[in-house]
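To keep things clear, I will list the structure first and then write my remarks on it.
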Amino acid sequence: MQLSRRALLAATPLLAAPRLASAQAGTGRIVIIGGGFGGASAARFARDNFPGLDVTLIERSRRFTTCPYGNLVLAGRRDLASITFGYERLAARGVRVVHQSVTAVDAARKRVRLADNAEVPYDRLIMSPGIDLRWGAIEGYDEAASARMPHGWVPALQPITVLRQQLEAMPDGGVFLMTIPDNPFRCPPGPYERISMVADYLKRAKPRSKIIALDAKNGFSKQPLFQDAWEELYPGMVEWRGASNDGRVMRVNPGGMEVETEFGEKVKGAVINVIPPQMAAGIAREAGLANASGWCPVKPVTFESAQVPDIHVLGDATIAAPMPKSGFAASSHAKQAVACIAASLAGRPPPPASYFNTCYSHVGADYGISIVGVFRGTPERLVEVEGSGGISPRNATLAPARRAEHRRLEALYADGWYESITDEMFG
Ligand SMILES: Cc1cc2nc3c(=O)[nH]c(=O)nc-3n(C[C@H](O)[C@H](O)[C@H](O)COP(=O)(O)OP(=O)(O)OC[C@H]3O[C@@H](n4cnc5c(N)ncnc54)[C@H](O)[C@@H]3O)c2cc1C
C-alpha cells in the first residue's frame, strides 16, 4: 500500500498539481529568477497551463546540473552528463529564457536589474534562487578551503566531480571524513545518501577504508533505515557521531587535513567533505525577503513573501517547514504559486493549497528507501496532513525473501521520479 502510493506520486508529479482554472486565469508578466527545481518547474507549469501569462525565466547558467543523483556520480554509478540539462526545450515551449545574473530587485517599481544593467519589468515575480553556503560559520571554512575540503553541495559553485577525484585518489585504508550541519539545510537525507554511496564505492574499490561522519545533530531523516542498511551492506565501514557524542565541528584546518570538534578533538581525513551551514541565496536576502534566520518567510497558501508583496519565493530559500528543502518540494511550491498568481491576476481567490514531497535515497546498488508527505497550507500555517506520510518499512518488518525485491523496486521508483521531474522541468 505504501509502495503504491509512493510509486504514484513519483511517476506522475503532474497529478500533484493544484486544480486549474486556466479558462478564467488572468493575463500578466511573470518573471522567474532561478532555473532550478522551483524556477524551471514554475516556468513550464505556467507556460503549459496559463496561456495568458507572459513568462520570462532568468538563470545565470546555460546548463543546470541537478543535486539529486549527484551522489551516484560520486559513487561512479552515473556520469555528470546524465544529470545535466539545458533550457532549449523550455524556450521552444515559449518561455523567454535569459541567461544572466539578476543583480537587484526593485520591488517598488516592479523591476529586476540584470548584470548588463538591463531592467525587466514584472507584474508578479517568482524567486527560486536556492541557497548560499555560510562561509566562515565553521571557522576556517571559506571558498579557498573548499578546494582542499570540497562541499559538493551546490553544483554551480563546485561540481561533484571535485570530490569524486579526491575519492578516486584516496589510498585504500584511508578515512573519508564528512561534516554535517544542523537543521535547516538543503536535502535532509542527502548527507546520509552520500555516506551510503561513498561506502558503495569504497566497498568495491578500497575495501579497507572507513567513513567517519561528524554531525551537528543527534538524529536525521530515515535514520533507522540508513543505519540498518549500513550494517547490512557495509559492516564496520561507517562511523556516525551525533552532537551529543561530540559530532559538532567548530573549525577546520585545510593545511593539516583535520577538523576540530566542539570539545576540542582533532580528527584527520584523507578526504574531507565539509557540508557547511546554509542560508537563502544572496539575491533573496538582498531583496529583503529573508528574516534574521537567513531564510525567507512565505504565506503558506500562495508562497508569496511574508515581507514583500507580489514576490513569490519557492524552494530551498523559503521557511516552509515541515516540508523539507527538496527538489520535489520546490516543484510543488512552484505549481501552487503559479496557480495563485494566475488566479490573483484574474481577481479570483487562490486555489486550496496542497503540497507533496517524496524523498528517495539510494543506499546501495539496487537498494532504495524513501519518505513521503502530503501537506496543507492554511492562511496561518503549513501542516503535514495527518496520516498522509509514509516511510519505507524496516528490514525487521519485511519477510526476508522479499527484502531485496522491495529495496530494488524503491531504487527503480527513484529512477522513475528523477526521469519524470527532470522531464517536467526541462523536457
Ligand atoms: C546531494 C544532494 C542530493 C539531493 N537529492 C535530492 C533528491 O533525491 N530529491 C529531491 O527532491 N531533492 C534532492 N536534493 C535537494 C534539491 O537539490 C534542492 O532542494 C533543489 O535544488 C531546490 O530547488 P531551488 O529551486 O530552491 O534551487 P536550485 O535548484 O538550486 O535552483 C536555483 C537556481 O537559481 C539560480 N540563481 C541563483 N541566484 C541567481 C541570480 N541572482 N540570477 C540568476 N540566477 C540565479 C542558480 O544558478 C540555480 O540554477 C538534493 C540535494 C543535494 C545537495
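Predicted model only: the values in this text are computed from it and were never measured. Just follow the structure's listing: the first ligand is 1, and inside any ligand the first atom is 1.
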Legend entry - Nearest-contact summary for atom 39 (C) of ligand 1 - protein heavy atom, Å: R60 NH2, 3.4 Å
Inset, instruction - Would you please indicate if the ring centroids of W240 and F226 are separated by under 6.0 Å? - result: no
Inset, instruction - Looking only at protein heavy atoms, identify the closest one to atom 29 (O) of ligand 1 and say how far it is in Å. - result: F37 N, 3.1 Å
Legend entry - For atom 37 (C) of ligand 1, closest protein heavy-atom neighbour: P129 O, 3.3 Å
Legend entry - Sub-4.0 Å heavy-atom contact, Y418 with ligand 1: no
Inset, instruction - Taking the six-membered ring of F185 (Phe, Tyr or Trp), confirm whether the NZ or CZ of R134 is under 6.0 Å from its centre and within 45° of its axis. - result: no
Legend entry - Y418 and T66 side chains, donor-acceptor separation under 3.5 Å: yes
Inset, instruction - Using a 4.0 Å heavy-atom cut-off, say whether N71 meets ligand 1 through its side chain, its backbone, both or neither. - result: side chain
Legend entry - Taking atom 34 (O) of ligand 1 as the reference point, the nearest protein heavy atom with its distance: G34 CA, 3.2 Å
Inset, instruction - Would you mind running through ligand 1 and noting each atom that sits below 4.0 Å from a heavy atom of S101? - result: 42 (N), 43 (C)
Inset, instruction - Hey, could you give me the OG1/NE2 distance between T302 and H312, rounded to the nearest 0.5 Å? - result: 5.5 Å
Legend entry - Shortest non-hydrogen contact from G294 toward M279: O-CB, 3.8 Å
Legend entry - Whether Y355 and F303 hold their rings parallel, tilted or perpendicular, with breakpoints at 30° and 60°: perpendicular
Inset, instruction - Please report which non-hydrogen protein atom sits nearest to atom 4 (C) of ligand 1, along with the residue it belongs to and the distance in Å to one decimal place. - result: C187 SG, 3.4 Å
Legend entry - Minimum heavy-atom distance between D310 and E304, given as atom pair plus value: N-OE2, 2.7 Å
Inset, instruction - Would you check the N or O atoms of G190, main chain and side chain alike, for any that come under 3.5 Å of an N or O of ligand 1? - result: no
Legend entry - D316, any N or O under 3.5 Å of ligand 1 N or O: yes
Inset, instruction - Answer with side chain, backbone, both or neither: which part of W417 has a heavy atom less than 4.0 angstrom from an atom of ligand 1? - result: side chain
Legend entry - Under 3.5 Å: N/O of C67 near N/O of ligand 1: no
Inset, instruction - Write out the residue and atom name of the closest protein heavy atom to atom 48 (C) of ligand 1, then the distance separating them to 0.1 Å. - result: E59 OE1, 3.4 Å
Legend entry - Per-atom contacts of ligand 1 with G315, taking only distances under 4.0 Å to non-hydrogen atoms: 26 (O)
Inset, instruction - Compare S128, S331, G36 and give the one whose heavy atom is closest to atom 25 (O) of ligand 1. - result: S128
Legend entry - Nitrogen or oxygen atoms of F328 and ligand 1 under 3.5 Å apart: yes
Legend entry - Nitrogen or oxygen atoms of G38 and ligand 1 under 3.5 Å apart: yes
Legend entry - Heteroatom proximity flag, V102 to ligand 1, N/O under 3.5 Å: yes
Legend entry - Geometric N/O contact R186 with ligand 1, under 3.5 angstrom: yes
Legend entry - Donor-acceptor side-chain pairing of Y69 and D415 below 3.5 angstrom: yes
Legend entry - Residue G130 vicinity, atoms of ligand 1 by number, heavy atom under 4.0 Å: 26 (O), 27 (O), 32 (C)
Inset, instruction - Enter the distance from I311:CD1 to K110:NZ here, rounded to the nearest 0.5 Å. - result: 9.5 Å
Inset, instruction - Check each atom of ligand 1 against the heavy atoms of I283 and keep those under 4.0 Å away; list them by number with element. - result: 41 (N)
Inset, instruction - Could you list which atoms of ligand 1 come closer than 4.0 Å to a heavy atom of Y360? - result: 8 (O)
Legend entry - Which of the ligand 1 atoms, numbered from 1, are nearer than 4.0 Å to a heavy atom of F64: 29 (O), 49 (O)
Legend entry - Straight-line distance of T65 OG1 to I83 CD1, nearest 0.5 Å: 6.0 Å
Inset, instruction - Could you verify whether a donor N or O on one side chain and an acceptor N or O on the other, from T261 and R241, lie under 3.5 Å apart? - result: no
Legend entry - Aromatic ring proximity, centroids under 6.0 angstrom, F375 and F356: no
Inset, instruction - Could you grab the distance from atom CD of Q336 to atom CD1 of I341, nearest 0.5 Å is fine? - result: 10.5 Å
